[in-house]
Amino acid sequence: MEEHLDSSYGIWLKLEGKRSKLNQWQLSLLQSWDCCRNSNEIMKKMVSILPEFLRQNQYLSKKVEIEANEDLIKMLLKWLTN
């Protein structure tokens, strides 16, 4: 989005509230990633977040001119889930 929020990251009202600058599909993603404290549910949410995480990793890596290293991320996630 190339936009910075002039507030702490704990101010969710600016992200999800009436003043949100996110598109509807982005708001829907955030809503679908809501999770409880159940470890099985958390793991399911991690899997659903992975595609967007990898997309953002590609974008940010390109922006700062470093290798995205998706294999390392996937290896770490595999290790975490075993």
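The shown structure was predicted, so the numbers you read here are calculated from the model rather than taken from an experiment.
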query = Excluding sequence neighbours, so at least two apart, what forms salt bridge (charged side-chain N to carboxylate O under 4.0 Å, His left out) with R55?
reply = E52

key: Separation of E67 CD from Q58 CD (nearest 0.5 Å)   = 9.5 Å

message = Within this structure, what is the CD1-CE distance for the pair I49 and M46, rounded to the nearest 0.5 Å?
response = 8.0 Å

task = Identify the two heavy atoms, one from S61 and one from A68, that lie closest to each other, and give their separation to 0.1 Å.
result = OG-CA, 3.4 Å

Ignoring hydrogens and angles, write down the donor-acceptor pairs under 3.5 Å from the side chains of residues 72-79, residues two or more places apart or on other chains.
none

note = The reported gap from CZ in F53 to OG in S48 (rounded to nearest 0.5 angstrom) is 13.5 Å

request  = Scan L30, L29, L22 and name whichever one has a side-chain contact (heavy atoms from CB on, under 4.5 Å) with Q26.
outcome  = L22

ask   = Near Q31 CD, under 6.0 Å, is it more than 12 heavy atoms from other residues, nucleotides or ligands?
value = no

Considering only distance and modelled atom types, tabulate donor-acceptor pairs under 3.5 Å from the side chains of residues 35-44, sequence neighbours left out.
{"residue": "N38", "atom": "OD1", "partner": "N40", "partner atom": "N", "Å": "2.8"}
{"residue": "N38", "atom": "OD1", "partner": "E41", "partner atom": "N", "Å": "3.1"}

Nearest heavy atoms of K45 and S32, plus distance in Å = NZ-O, 2.7 Å

